[in-house]
Amino acid sequence: MRDNPYIAILLGFAVVIILGTALLSLPASTVDGRGLPLDDAFFTATSATCVTGLSTVAIGKTLTPMGQVILLVMIQVGGLGLMTLSTFFGLLLGIHPRIQNRIVIKEALNQVEEFHVKYLLRRIIVYTLGMETVGAIIFAARTGLGTDPAGNIFAAVFHSVSAFCNAGFTLYSDSLTAFRFDPVINVTVMVLVVGGGIGFWVIYGLYEGLKSRVRGDAIPPHNLQTQVVLRMTAALILIGTILFMSLEGSRSGVTGLHLFWISAFQSVTTRTAGFNTVDIASLSFPTLIWIMAWMFIGASPGSTGGGVKTTTFAVMLASLRAVLTGNEKVELRKRTLPETVVRRAHAVFLASIGWVFLTVFALSMIGVVGGASTFLPILFETISAFGTVGLSMGLTTSLTVAGKLILSMTMFAGRVGPLSLILALAQKPDRALVVYPEQQLPIG
């Protein structure tokens, strides 16, 4: 484990999933007093820890307040990462992280630059709790406390944490459809989702820039990661909104500002969060294709979301441009990318496509109850699980026990990253003593 930080990351998520499965299986966790069946408990715990949002049970109707609190804790731990939280609390107790822990945290946050662990973790926790608290206050103020103040306050906290962690879990059977025309709830959820999905390192860079501006100091230029993430995020949100309005405007019967709120909300939440204000199964085929593409891309490195990540997609586009223009170097934002970065992006992209393909194949064979195994819903569910999104065309309730296990593995791979999973399980090869001759190979 000391030589392979990826193993520690995998074990951290696995421990939370196992504990969550045991707790959700307790009689006190469910309304019927029987506890969740082991397969449903494992699936729900995996979905919560991997901040996905897919569920085989109705959370608000099936789980007791205790069960919902357990689920909420798993979402929070899964969003931030067990190593991040444990190191932070260790720092509070005066325990400084060992060098191995710093390496694990660096890999968990997908960072290539050096950083001060104590300084960054403190800001991550403060930022997270600050965003979630403000979101919960807005939720509570907008929905009202009603006749059950404690329950409504908890619901506000639950949805705020779920939104920031890009989990997509709700206590309502129709997700957030009831709020589809509410600008306050729409904007609040979208800000929380984007705030959790662009990555803590980007937020840290923006914070440092804002602090310099307030102090009147020289404003340092944003690093390449911040530039790429912000531009890719803005482009995906804008393109997604336009596509949804174009493809679903005439079909939905909704126009004007109402159509904009539905379109913008779905564009933001589609990539990782999994909330919906429309019936996903009723959407047109072209819209579903666009949603699957956005789910596959996912969030950004070091964030609470999954997918291949916006930076990976940006590198793939830059690689394509380099080939089309005859450029031997891959350039992005007037910077030349190292060959190791390009190779890693290609490996992540290829491994992700391979994982999705194998999952679809396995689900088609043994994962779905007979009669429900149509290709599009299976592909949609698979990409949703891999991107830790949580949107569904209604296939989740048709999963067999084997199907729940298969999708759980896909959610796990999507959260930790398929490449991280491979690197954790692979043997570290000895350094090659022989260099083979180079030879051309026709491509395309």
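Numbering starts at 1 and runs along the sequence shown. Worth saying up front: this structure is predicted, and the values here are computed from it rather than measured.
Between the Thr133 side chain and the Leu129 main chain, a donor and an acceptor come within less than 3.5 Å of each other. One N or O on the side chain of Ser319 and one on the backbone of Val315 form a donor-acceptor pair closer than 3.5 Å. Here the side chain of Thr44 pairs no donor or acceptor atom with the backbone of Ala41 at under 3.5 angstrom. A distance-only check finds a donor-acceptor pair linking the side chain of Thr269 to the backbone of Phe275 [under 3.5 Å]. Checked by atom type and distance alone, the side chain of Thr177 pairs as donor or acceptor with a backbone atom of Asp174 at under 3.5 Å. A donor-acceptor pair under 3.5 Å links the side-chain atoms of Ser47 to the main chain of Leu54, judged by distance alone. Judged purely by atom type and a 3.5 angstrom limit, Thr64 uses its side chain to pair as donor or acceptor with the backbone of Ser29.
Taking Thr49 as the reference, Phe13, Val16, Ile17, Met74 meet the side chain to side chain contact (heavy atoms under 4.5 Å, CB included) condition, with sequence neighbours excluded.
Of all heavy-atom pairs between Ser303 and Gly196, the closest is CB-O, 3.3 Å. Considering every non-hydrogen atom in both Ser408 and Phe43, the closest pair reads OG-CD1, 3.5 Å. Thr388 and Gly306 make their closest contact through OG1-N, 3.0 Å (heavy atoms, listed as atom of the first residue, atom of the second, distance). Contact detail for Trp261 and Pro183: the closest heavy-atom pair is CZ2-CB, 3.4 Å. Annotation for Val191 and Met131: closest pair O-CE, 3.9 Å, computed over non-hydrogen atoms. Nearest approach of Arg415 to Gly305, heavy atoms of both residues: NH1-O, 4.1 Å.
How far CG of Leu283 is from CZ of Phe244: 5.0 Å, rounded to the nearest 0.5 Å.
Between the side chains of Thr30 and Thr62, not a single donor N or O lies within less than 3.5 Å of an accepting N or O. Using modelled atom types and a 3.5 Å distance limit, the side chains of Gln76 and Glu132 yield a donor-acceptor pair. For the residue pair Thr359 / Thr410, a side-chain donor-acceptor distance below 3.5 Å is found, with atom types taken as modelled. Side-chain atoms of Glu381 and Thr396 include a donor-acceptor pair closer than 3.5 Å.
Each salt bridge (Lys or Arg N to Asp or Glu O under 4.0 Å) pair with one or both residues in residues 399-408, not counting sequence neighbours, appears once here: Asp39-Lys404, Asp40-Lys404.
Between Phe169 and His159, the ring center distance fails the sub-6.0 Å criterion. In this structure, the ring of Tyr127 has its center less than 6.0 angstrom from the ring center of Phe164. With ring centers used as reference points, Phe349 lies under 6.0 Å from Phe296.
The shortest side-chain heavy-atom distance between Leu332 and Leu317 does not fall under the 4.5 Å cut-off. Within the 4.5 Å cutoff, the side chain of Leu391 has heavy atoms near those of the Thr270 side chain.
For Phe357, the CZ atom is loosely surrounded, since the number of other residues' heavy atoms within 6.0 Å does not exceed 12.
For the side chain to side chain donor-acceptor pair (under 3.5 Å) test with Ser300, the passing option among Thr311, Thr310, Thr272 is Thr310; the others fail.
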